[in-house]
Asks: 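Structure provided below as structure tokens; questions to follow.
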Amino acid sequence: MTSGKRVLIVSNRLPVKITRKDGEIAYQTSEGGLATGLGSIYKQGNNLWIGWPGADLTDAEKAGVTQDLSVQNLFPVFLTQQEINDYYEGFSNETLWPLFHYFPTYTEYNPQYWEGYQKVNRKFADAIIKSASKEDVVWIHDYQLMLVPQMVREAIPEVSIGFFQHIPFPSYEVFRLIPWRKELLNGLLGADVIGFHTYDDVRHFISAANRITGLNNVANEVGVDSRTVVVDAFPISIDYKKYRSLAEDANTRRNERKLRQLINHNKLIISIDRLDYSKGIIDRLRAYQLFLENHPELRGKVSMIQLVVPSRDNVPKYKELKEEMNRMVSEINGRFSTLGWQPIQHFYRSFPIHLLSALYKAADVALVTPMRDGMNLVSKEFIASKTDQHGVLILSEMAGASRELSEAIIINPNDVWDFSEKIFLALNMPEDEQRRRMSAMQQTVSRFDIFNWVKNFMDKLTEVKAQQQAMLTRNINTSIRQKIAISYYYGMKRIIFLDYDGTLVPFNKNLLGAVPDEPLLDLLKKLSADPHNKVVITSGRDYQTLDKWLGHLPVDIIAEHGAWYKDHGKFWRSRRDLNDAWKQEIYSVMNQYARRTPGAAIEEKSYSLAWHYRKVENGLGDLRAQELTADMKHLVADRGLQLLQGDKVIEVKSISVNKGRAAKRWLEKEEYDFVMAIGDDPTDEDTFKVMPEGAITIKVGSKISAAAYFLSTSEEVRALLLEMINSPHTVDEAHQLLKEAS
Ligand code: ADQ
């Protein structure tokens with residue numbers, strides 16, 4: 001462990017490429033956007049970048065490489081060939097990659113790959129754990145390392161962890177296909193901030209977390225135990241200035257002129273990507289072919305340069321793709337070429353950056369048309385290189401970049417006919433329109449460049465950590481517990497308001513299934529047996545049920561949010577000013593919704609109606625509740641009623657009925673020197689708000705509340721009450737506790 005705050009970047013690959021020249025090891029630093037953006041971080045001070053160096057090394061070489069890399073603040077995680085096969089080629093590239101890009105039929109579910117993935121994720125986590133301390137910030141990148149956040153969290157609970165995924169996060173319906181979906185989600189939820197490129201990815205992730213792990217969220221914050229995990233969109237970008245100055249370089253201009261000569265000053269269409277089925281190479285060729293068929297007048301006047309970086313072409317799926325691509329290129333060239341003209345110039349290799357820049361600069365139209373892409377940086381590099389603002393971008397709506405670059409011509413790559421017509425449109429777009437669109441996109445890309453992306457992510461991580469720490473001080477820990485026990489001990493006249501469902505008992509899918517168990521009855525008996533205590537159960541349930549369940553105990557009860565109440569040993573009383581004439585009309589609206597929503601139920605109480613949807617299919621219940629709320633809004637307002645949103649329930653009742661107003665009856669009748677209120681529901685907020693200064697108010701579950709403290713579950717509530725009952729019985733014991741607490 002090292003001390004002082006450091007930042008650790010973690011990714012599958014290190015930003016260096018190891019090569020062997022005449023038996024000697026050589027290092028080539030990556031020029032990729034991510035390496036540049038993160039360079040400002042990992043190169044500083046004691047910071048570190050942890051990753052696989054990407055080469056197969058002997059044991060003797062490993063020691064030397066580790067030494068060499070440490071000078072550059074890099075730390076290698078070495079992998080065996082078997083690990084690379086299972087974790088990288090296997091689970092990452094044959095399970096996660098195809099599925100997350102919506103190619104479920106290409107996806108392999110192989111338990112051996114999964115084993116390898118877990119093992120290597122553990123290796124990365126161990127490397128982090130060895131060098132990180134709790135003050136540090138760990139930023140983990142991409143789908144190869146989805147389990148690492150939780151592994152690090154378990155070892156160093158306080159450390160700040162960010163995770164960014166560079167590929168899409170698929171919809172729940174696709175994600176759920178993976179047998180190990182729960183483990184993957186739990187792995188990610190070890191982070192404090194989980195970042196994706198687009199809001200759609202964020203939505204998909206939150207919905208998967210809700211449905212698969214059962215966790216709740218408020219907007220983009222997911223509650224995991226006592227931690228809040230923020231899920232947000234951080235669209236990645238490029239080093240804008242670098243591409244701009246490259247485009248203005250004399251060398252680039254010379255190459256640009258050469259390129260134009262090469263294609264006889266025809267209109268130039270370019271496409272640049274890695275060989276991958278997600279990039280839409282085949283459909284793009286089809287669209288170009290259709291364009292040439294439908295516009296014979298333009299044959300001989302346009303040329304397409306297609307660059308494809310070789311990638312994994314020994315893997316069957318990629319081999320097939322390459323063969324199909326080559327076949328189509330030959331077909332198009334064979335069919336349309338003339339002696340002096342070839343429709344496609346195809347290159348299957350990587351290009352140096354200054355040639356790429358010349359190509360971007362010379363192009364009249366760029367086709368960036370993936371079937372699915374997390375972001376796609378080629379589109380942004382093209383925009384940045386257009387110093388003269390001439391040129392048109394045709395961009396697939398399936399690329400994350402389409403959310404930002406809305407001035408591009410947006411296409412659906414599956415609609416080959418429309419796509420081919422858009423090529424025609426782009427080639428004929430007036431210059432001033434090209435300039436207008438390009439200028440708008442350049443403003444976007446220059447403002448939100450890679451440095452801005454790094455800053456936004458890091459700032460969010462700092463903000464979330466600070467927020468968590470502030471919350472932590474409100475989580476009931478040992479010292480707060482002891483303080484409560486002490487003031488309980490010194491209290492001579494105590495009142496304790498306790499909500500029932502979700503506070504004293506966990507939620508039950510069945511409305512009448514939440515019957516109090518023996519230990520709870522025993523606990524309430526003991527608590528109310530103390531002559532210094534008054535225990536008031538404050539519930540929204542009907543008084544008949546509460547009477548049956550708790551009426552025999554020496555407690556006071558508030559039922560139906562205060563429409564009914566009972567002092568121990570007396571009869572039930574209801575508020576005289578209430579009427580129920582409105583119920584029939586509201587009931588019939590609620591019933592319409594209940595009839596078309598399997599699992600929904602209406603609960604009728606004397607002065608209120610509740611529409612329960614705990615048993616309704618996840619998501620559908622919320623949708624119907626929203627519809628019902630909108631439908632009843634005016635009805636409710638006109639009749640002096642209010643609509644309350646509870647946990648999987650909406651309730652209509654008189655505007656004057658609430659738990660707070662009911663609780664006041666007790667507080668106004670007598671003076672108390674120890675006041676406590678515990679609840680989990682939005683309706684308990686009314687109780688918290690009327691409590692006198694110094695009262696101990698506790699919210700169970702969510703963290704958004706007027707209460708002073710938080711607890712997570714009803715078990716914790718029971719434990720706290722038990723501790724109070726067993727609080728010291730002598731002054732000495734109390735003083736001892738007081739000493740420990742301070
Ligand atoms: P990639 O799938 O690799 O990245 P992309 O974002 O387009 O896709 O980046 C490709 C990079 O490779 C670009 O910088 C481009 O210049 C370069 N390149 C492409 N063809 C080349 C060639 N023939 N020669 C040389 N260089 C070439 C993943 C996700 C993306 C996401 C990025 C970053 O799949 O959706 O945008 O991560 O988060």
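Everything quoted here is computed from the prediction, not taken from an experiment. Read the numbers this way: they start at 1 and go in the same order the structure lists the ligands and their atoms.
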Asks: Under the rule for salt bridge (charged side-chain N to carboxylate O under 4.0 Å, His left out), what residues qualify as partners of Glu248, not counting sequence neighbours?
Replies: none
Asks: Using a strict cut-off of 4.0 Å, indicate which atoms of ligand 1 neighbour a heavy atom of Ile236.
Replies: 33 (C), 38 (O)
Asks: Hey, do the aromatic rings of Trp139 and Phe457 have their centres closer than 6.0 Å?
Replies: yes
Asks: Could you name the option among Gln306, Lys279, Met375 that has the heavy atom nearest to atom 8 (O) of ligand 1?
Replies: Lys279
Asks: Taking 4.0 Å as the limit for heavy-atom contacts, which would you say applies to Leu377 with ligand 1: side chain only, backbone only, both, or neither?
Replies: both
Asks: Is the Phe234 to Trp453 ring centre distance short of 6.0 Å?
Replies: no
Asks: In the protein, what heavy atom is nearest to atom 16 (O) of ligand 1, and what distance, to one decimal place, separates them?
Replies: Glu381 OE1, 2.6 Å
Asks: Under 6.0 Å between ring centres: does that hold for Phe347 and Phe351?
Replies: yes
Asks: Applying a 4.0 Å heavy-atom criterion (strictly less than), which segment of Arg349 is in contact with ligand 1: side chain, backbone, both, or neither?
Replies: backbone
Asks: Indicate the atoms forming the closest heavy-atom contact of Tyr348 with Met325, along with that distance.
Replies: CD1-CE, 4.2 Å
Asks: Considering only non-hydrogen protein atoms, determine which one is nearest to atom 36 (O) of ligand 1 and report residue, atom name and distance to 0.1 Å.
Replies: Asn376 N, 2.9 Å
Asks: For Thr198 and Asp201, does a side-chain donor sit closer than 3.5 Å to a side-chain acceptor?
Replies: yes
Asks: Where is the nearest protein heavy atom to atom 25 (C) of ligand 1: which residue, which atom, and how far?
Replies: Phe351 O, 3.2 Å
Asks: Within the structure, does at least one protein heavy atom fall under 4.0 Å of atom 29 (C) of ligand 1?
Replies: yes
Asks: Any idea which atoms of ligand 1 are less than 4.0 Å away from a heavy-atom of Leu307?
Replies: 23 (N)
Asks: Are Asn217 and Glu221 linked by a side-chain donor-acceptor pair shorter than 3.5 Å?
Replies: no
Asks: Determine whether the aromatic ring centres of residues Tyr117 and Trp180 are separated by less than 6.0 angstrom.
Replies: no
Asks: Among all protein heavy atoms, pick the one closest to atom 10 (C) of ligand 1 and tell me residue, atom and distance.
Replies: Val378 CG2, 4.5 Å
Asks: Report the nearest protein non-hydrogen atom to atom 19 (C) of ligand 1: residue, atom name, distance rounded to 0.1 Å.
Replies: Ile272 CG2, 3.5 Å
Asks: Identify, by atom number and element, the atoms of ligand 1 in contact range of Gly374, meaning under 4.0 Å from any of its heavy atoms.
Replies: 35 (O)
Asks: Cation-pi between Arg211 and Tyr172: NZ/CZ under 6.0 Å from ring centre and within 45° of the ring axis?
Replies: yes
Asks: Can you tell me if Asn93 and Tyr143 form a side-chain donor-acceptor pair at under 3.5 Å?
Replies: yes
Asks: Thinking salt bridges, do Arg253 and Asp249 make one under a 4.0 Å N-O criterion?
Replies: no
Asks: Of all the non-hydrogen atoms in the protein, which one sits nearest to atom 21 (C) of ligand 1, and at what distance?
Replies: Val309 CG2, 2.9 Å
Asks: Among all the protein's heavy atoms, is there at least one whose distance to atom 4 (O) of ligand 1 comes out below 4.0 Å?
Replies: no
Asks: Check each heavy atom of His141 against ligand 1 and say whether those closer than 4.0 Å belong to the side chain, the backbone, both or neither.
Replies: neither
Asks: Would a search of protein heavy atoms around atom 12 (O) of ligand 1 find one under 4.0 Å away?
Replies: no
Asks: So which heavy atom in the protein is nearest atom 37 (O) of ligand 1, and how far is it from that ligand atom?
Replies: His166 CB, 3.7 Å
Asks: Would you call Lys279-Asp276 a salt bridge at under 4.0 Å N-O?
Replies: no
Asks: Could you list the atoms of ligand 1 found under 4.0 angstrom from a heavy atom of Arg274?
Replies: 2 (O), 3 (O)
Asks: What is the nearest protein non-hydrogen atom to atom 35 (O) of ligand 1, stated with its residue, atom name and distance?
Replies: Asp373 OD1, 2.6 Å
Asks: Just heavy atoms, cut-off under 4.0 Å: does Trp97 contact ligand 1 by side chain, backbone, both, or neither?
Replies: side chain
Asks: Give the atoms of ligand 1, by number and element, whose distance to some non-hydrogen atom of His197 is under 4.0 Å.
Replies: 31 (C), 38 (O)
Asks: With heavy atoms under 4.0 Å as the rule, classify the contact between Leu356 and ligand 1 as side chain, backbone, both or neither.
Replies: side chain
Asks: With Phe196, which residues qualify under ring-ring contact (aromatic ring centres under 6.0 Å, His included), at least two apart?
Replies: Phe169, Phe205
